[in-house]
Amino acid sequence: MQTLASSSLSKETAWPACRAPHPLHRSESSVFLALRDLRFARGRFALMGAVVALIAVLGVLLSGLASGLADAGISGLRALPVTHMAFDEKATSEQFSRSTVEQEDWQAWSKTPGVERAEPFGTTLTNARVNQGAKKGEQVNLAVFGMAPDSSLAPSPNKGEGLEVGSAGIVITQEIADLGVEVGDVLIVDKSEVRLKVVGLVDEAVSYGHIGVAYADLDTWRRLHYGLPGDLPEAARQQATAVALTLEPGADVSTVEKATGTRADTKETTFGASPGYTAESSTMALIKGFLYAISALVVGAFFTVWTVQRKAEIALLKALGAPTGYVLRDALTQVVAVLVGATAVGTAVGMALGSMMIGKAPFALSAPAIATSSGLLIVLGTLGAVVAIRRITAVDPLTALGATR
């Protein structure tokens with residue numbers, strides 16, 4: 001009897017140790033089932049992945065185009081070593097074409113506590129033709145930045161010489177040099193017939209309003225701005241477009257703003273005053289927004305159909321004891337696997353195509369912009385799929401047992 005009891009007891013104690021846990025309760029089984037479905041229905045998932053990859057390609061190209069358009073519009077302003085620009089307070093939009101400040105304005109700013117530097121700055125767009133040089137007769141558009149030759153704004157040319165007061169010389173950027181203009185060429189400005197000699201070259205592709213930047217001294221800029229070929233009137237000699245400022249952090253400039261009738265805007269705020277920049281930026285942002293919304297809808301629609309088609313399998317899993325959370329994890333694993341893989345492939349293809357566009361269109365590959373585009377595609381696609389796979393919670397496990405018959 002004792003032997004029988006001990007034998008029975010040993011069997012009872014041995015049974016729990018020998019019994020294997022149900023595979024549906026293992027965390028790794030979720031990944032196994034998700035990957036099994038990907039292999040079983042690889043045609044459908046490959047088609048969905050191709051659609052996501054194409055969206056990723058378009059996202060990279062749109063991001064590169066947006067970055068390129070921004071560079072073509074504001075890279076000249078972005079390169080200026082300033083923190084703020086002070087404009088005439090009456091110029092509330094398109095400040096660079098509507099604002100005029102006087103000499104006493106930048107002098108007052110320079111004496112204000114918290115202002116490290118305050119220097120006159122001018123901008124104007126003009127057209128000229130090459131009068132002397134290899135490209136004689138060629139028309140050239142110029143975005144002329146006027147500044148004092150000894151100011152911090154003045155460029156340091158990689159080739160040739162810098163600016164000099166009253167020399168009517170200009171320092172061009174690589175954007176203009178790519179048109180065939182070289183150091184030593186002479187340009188004649190249309191209408192005013194002002195002669196400009198190219199004295200230096202900055203080896204940077206810098207532009208303003210999609211036009212290459214040329215740096216000039218203030219007197220030369222004033223003759224171009226007012227269209228005056230001869231001596232400047234005394235009033236014109238004391239004017240500029242804005243006051244270029246370098247402010248200390250937290251500097252209070254409200255008093256000098258009120259006294260001079262000017263308004264200090266941050267350098268980033270002045271980007272909106274560049275011709276066409278705001279319209280281009282808002283248009284590209286709207287297009288990218290629609291692209292991300294479409295990606296979420298496409299992914300959500302696909303997984304909605306896929307969930308409906310898997311209704312019987314999902315009911316069987318639940319009938320076998322799989323909790324709803326397990327089935328949801330299984331579906332989300334498929335979503336993330338498809339989105340991450342397809343987005344990686346599409347991003348690589350988009351970068352390859354974009355690299356071929358550089359130099360032929362206003363296009364620039366920016367790592368932060370591309371990372372943001374890819375991340376948004378994955379996140380919004382996942383959110384769209386989450387809304388779709390919520391149907392899993394409503395699947396009745398009795399369906400697998402013939403409850404609908």
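The structure presented is a predicted model; accordingly, all values stated were derived computationally and were not measured. All residue numbers refer to positions in the sequence shown, counting from 1.
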Is [X] atom [atom1] crowded by more than 12 heavy atoms from other residues, nucleotides or ligands, each under 6.0 Å away?
{"X": "K197", "atom1": "NZ", "answer": "no"}
{"X": "E161", "atom1": "CD", "answer": "no"}
{"X": "E104", "atom1": "CD", "answer": "yes"}

Compare every heavy atom of [Y] with every heavy atom of [X], then report the nearest pair and how far apart it is.
{"X": "A369", "Y": "S67", "answer": "CB-OG, 4.1 Å"}
{"X": "M147", "Y": "P155", "answer": "SD-CD, 4.0 Å"}
{"X": "V189", "Y": "A128", "answer": "CA-CB, 4.0 Å"}
{"X": "M357", "Y": "F363", "answer": "CE-CD1, 3.8 Å"}

Check whether any side-chain N or O of [X] sits under 3.5 Å from a backbone N or O of [Y] as a donor-acceptor pair, and report yes or no.
{"X": "N158", "Y": "D203", "value": "yes"}
{"X": "S282", "Y": "A279", "value": "yes"}
{"X": "T112", "Y": "V115", "value": "no"}
{"X": "S99", "Y": "F87", "value": "no"}
{"X": "T173", "Y": "V202", "value": "no"}
{"X": "K267", "Y": "L80", "value": "yes"}
{"X": "T347", "Y": "A344", "value": "no"}
{"X": "R263", "Y": "A91", "value": "yes"}
{"X": "R237", "Y": "D219", "value": "no"}
{"X": "S374", "Y": "A371", "value": "no"}

Could you list all the side-chain hydrogen bond (donor to acceptor under 3.5 Å, both in side chains) pairs where at least one residue sits in residues 336-346, not counting sequence neighbours?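 Pairs touching residues 336-346 that pass the test: none.
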
Close side-chain approach of [X] and [Y], heavy atoms under 4.5 Å:
{"X": "V298", "Y": "F302", "value": "no"}
{"X": "M85", "Y": "L245", "value": "no"}
{"X": "T124", "Y": "F96", "value": "no"}
{"X": "T262", "Y": "W109", "value": "yes"}
{"X": "Y215", "Y": "L153", "value": "no"}

Between V140 and R129, is a side chain to side chain contact (heavy atoms under 4.5 Å, CB included) present by the stated rule, with each step listed? CA-CA 6 Å; V140 181; R129 68 182 184 277; over 6 Å; no

Under 3.5 Å, is there a donor-acceptor pair between the H84 and E268 side chains?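 Looking only at side-chain atoms, E268 and H84 do not form any donor-acceptor pair under 3.5 Å.
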
Determine whether the side chains of T269 and T266 contain a donor N or O and an acceptor N or O closer than 3.5 Å.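 Note: T269 and T266 side chains meet the donor-acceptor criterion.
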
Side chain to side chain donor-acceptor pair (under 3.5 Å) assessment of T270 paired with Q95: CA-CA 8 Å; T270 64; Q95 295 94 311; over 6 Å; no

Run the side chain to side chain donor-acceptor pair (under 3.5 Å) check on Q139 and N127 step by step: do they pass? CA-CA 7 Å; Q139 295 288 326; N127 184 56; 2.7 Å; yes

Do any pairs count as a ring-ring contact (aromatic ring centres under 6.0 Å, His included) and have a residue in residues 138-157, sequence neighbours left out, and if so which ones?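 Counting only pairs at least two positions apart or across chains, the ring-ring contact (aromatic ring centres under 6.0 Å, His included) contacts touching residues 138-157 are F121-F145, F145-Y208.
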
